[in-house]
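Along the sequence shown, the residues carry numbers beginning at 1. Note that the structure is a prediction, hence the values are computed from the model and not measured.
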Amino acid sequence: MPHLLFEPAQRLWLLSTPSTSYAVRLDADDNVRHVHWGGALTPAQAGELAERTPAAGSSFDAAGGAEELAVEGGARFGPPSLQVRFADGTRGVEWRYAGHDADDGHLRIHLDDRHYPLRVTLHYRVHDDSDVIERWTTVENRDEQLPITVQRCDSAAWTLPHRTGYRVSHLVGGWNSEFQLRRAEVVTAETVFTSRRGMTSHHANPWLALDDGTAGEEHGEVWSTALAWSGSWRITLHRDPAGRTTWTGGHGHEGLTWSLAPGETLTTPVFAGVFTTGGFGAAGRAWHAYVRRHVLPEPGEPRPVLYNSWEATGFDVDEAGQTALAARAARLGVELFVVDDGWFGGRVSDHAGLGDWTPNPDRFPRGLRPLSAEVHRLGMRFGLWVEPEMVNPDSDLYRAHPDWVLHMAHRDRTEMRHQLVLNLARPDTAAWAHDWLDRLVDEHDIDFLKWDANRPFTEAGWPGHADPDRLWIEHTRSVYQIMDRLRANHPGLRIEACAGGGGRADLGILARTDQVWTSDNTDPVDRIAIQHGFSQLFPAQVMGAWVTDSPNVATARETPLRFRFHVAMAGALGIGGDLTTWSEDELKEAAELVATYKRIRPAVQYGTAYRLTGDGALTAVGYAHEDQFVVLAWCPSRPYGHEPAPLRLTALDPDSSYRDQDTGTVHSGAVLLRSGLPLPLPEGDHASALVQLIRIED
Ligand code: GLA
């Protein structure tokens, strides 16, 4: 079946993905109306649906059903996706259809304002191998003289079929507590999910999943969307009194305005959506597959086991200390050694030096090259922490360029973590950032950058610029461009996205990075919940997860090394403890666990993930990959000392048998599916198990 079909008599478009359909139509006034998003429909069935004009809520309301990109104007009273004001003060838009074109699964529907020279194009893209539909909008000012003011320009609005009620799943959190999953009834109101921080995901992440309240992990219809943007964003979920449920979202937040110059086109980021029928698990797996196939630059490359010095040394980094850590890391089987904050300028604490990106001569008198060479000699790759968007006021950079930061006349420059944000929307600041990064990577044989951004925007002004709110878009685009250029110039370079932990995790940043630093919270018990939330959208291979020291620095909780490893093995494994204090026994156990991780890495990093729930506090993830099913199970506490029941598995062949790789025990698939896998859990709290099952041919 073709991806895209146009039925001229009804002015109906039908988009098809492998198992879903999406349909829109033009009404008599050239408004693009939503028809269907859900299970697959034939063209005839979509046509039948298109004939129905959804009823108005009342005679005081406009009829016609939800729009694909509602504008201001006419009898529309819901949240607009597009708000513009023309130079003469007129607001709102009246559409005239201006044709469509399509190629390679990409449909463009063109709409002009009936009077003003405004062209808007609705973009839809579908793929052969994914049910994810990508949508975005372009807005073009075709006037030769006058600007157009844009007050809101969303990527897309999404619409659900009419049901008695809906539930929304979303991710909230902050520093040390990212990606907490929340579920709530959709109320008859406008509910705004947003970040005004200039960064994506501390506070909330631009991912949502909607269901009618009955979906579970492995059953039920789920409609899920995610925005591919790494700056401020806003999604307005609207259930109106007549029960229509829609949401509209895109970059920017309320109060910002952008001026579209004559001849200029504004392109929004992609707002992607997927419909699945297998519950939240299937929705997550659809996202994971999409991220691998259509987002990540290097999806097929194994993420290396990394070591990062941050929790071990804080700001106290020097050549001798890092060399000692590198030697121990190499013994454990670490493949990438990353030096964190504190290697440059006067950066001996978070008070000074940010912006002065040359090695600190007291700490690295010979520069970084000897350390980089030693790390490479030990057989590891060499990584370095950078924070290119930020500056300490106490730095040579700030003293030379106080105007390079986001600021406003007559306003304080609010410091957070003693730092300010550089305005990378400025071409001179962006060029400076690219140049030093490019040189740094070149001169020190750097294989990996941990790109951090530790504070949100405040006083986000751009004095002297005619359209200062542009920086909310252009700063993020500039970050993208710098990363893209660095990758193009240094094809071996890999990048980790970090923003005070997981403050900038989204489909936009993942198009030019390889993994995300999930959270500064490395407590394994807290991590189980953080990782559960993260996995709703992102695959395990991008989820940076370290094993650190016990007691944990954030929570003071003491946990066994094995438990810490088993939790971190559910993602891209790293080690972040102070290895100089680990005993020989701990180092030996850690080396064994790293070797085990490498054995299961293909399943974790390329497999299909199933979130499993057992008895009481027991949770687990299973990764199906080729003939393997790998289970990582965690039991943080054991109320009343009760032994958890066997863990029921999923996605196995009931007619096959599976051998436990470590014990040799053979289980039948049917028993694992129906009764479960008895787990070899040690006694007491913070128990965990890893079981690698291999299907055996009968
Ligand atoms: C942020 C990161 C940490 C570490 C510090 C360094 O908090 O999330 O992992 O890199 O900055 O200052």
Would you say the rings of [Y] and [X] are close, in the sense that their centroids are separated by under 6.0 Å?
X	Y	answer
Trp158	Trp223	no
His251	Trp258	yes
His110	Trp95	no
Phe193	Trp233	no
Trp385	Trp310	no
His475	Phe457	yes

Kindly assign one of parallel, tilted or perpendicular to the pair Tyr610 and Phe629, based on the angle between their ring planes and the thresholds 30° and 60°.
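Plane angle between 30° and 60°, so tilted.
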
Would you call the rings of Trp287 and Tyr290 parallel, tilted or perpendicular, where under 30° means parallel and over 60° means perpendicular?
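Aromatic pair Trp287/Tyr290 classed perpendicular.
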
Is His34 reaching over with its side chain to a backbone N or O of Thr246, donor-acceptor style, under 3.5 angstrom?
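No, His34 side chain to Thr246 backbone: no donor-acceptor pair under 3.5 Å.
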
Examine distances only and state if a side-chain atom of Ser21 and a backbone atom of Leu41 form a donor-acceptor pair shorter than 3.5 Å.
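Yes, the answer is positive, given that a donor and an acceptor are paired below the 3.5 Å cut-off.
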
Ignoring hydrogens, what is the shortest heavy-atom contact between [X] and [Y]? Give both atom names and the distance.
X	Y	result
Asn521	Ala554	OD1-CB, 4.3 Å
Thr276	Ala282	CG2-O, 3.8 Å
Ala102	Leu4	CB-CD1, 3.6 Å

Does Arg183 qualify as a cation-pi partner of Phe280, given the criterion of NZ or CZ under 6.0 Å from the six-membered ring centre and within 45 degrees of its axis?
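Yes.
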
For His106, which of His100, His123, His3 qualifies under ring-ring contact (aromatic ring centres under 6.0 Å, His included)?
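With His106 as partner, His100, His123, His3 yield a single ring-ring contact (aromatic ring centres under 6.0 Å, His included), made by His123.
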
Over 12 foreign heavy atoms within 6.0 Å of CG, Asp104:
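Atom CG in Asp104 is not packed in, count stays at 12 or less.
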
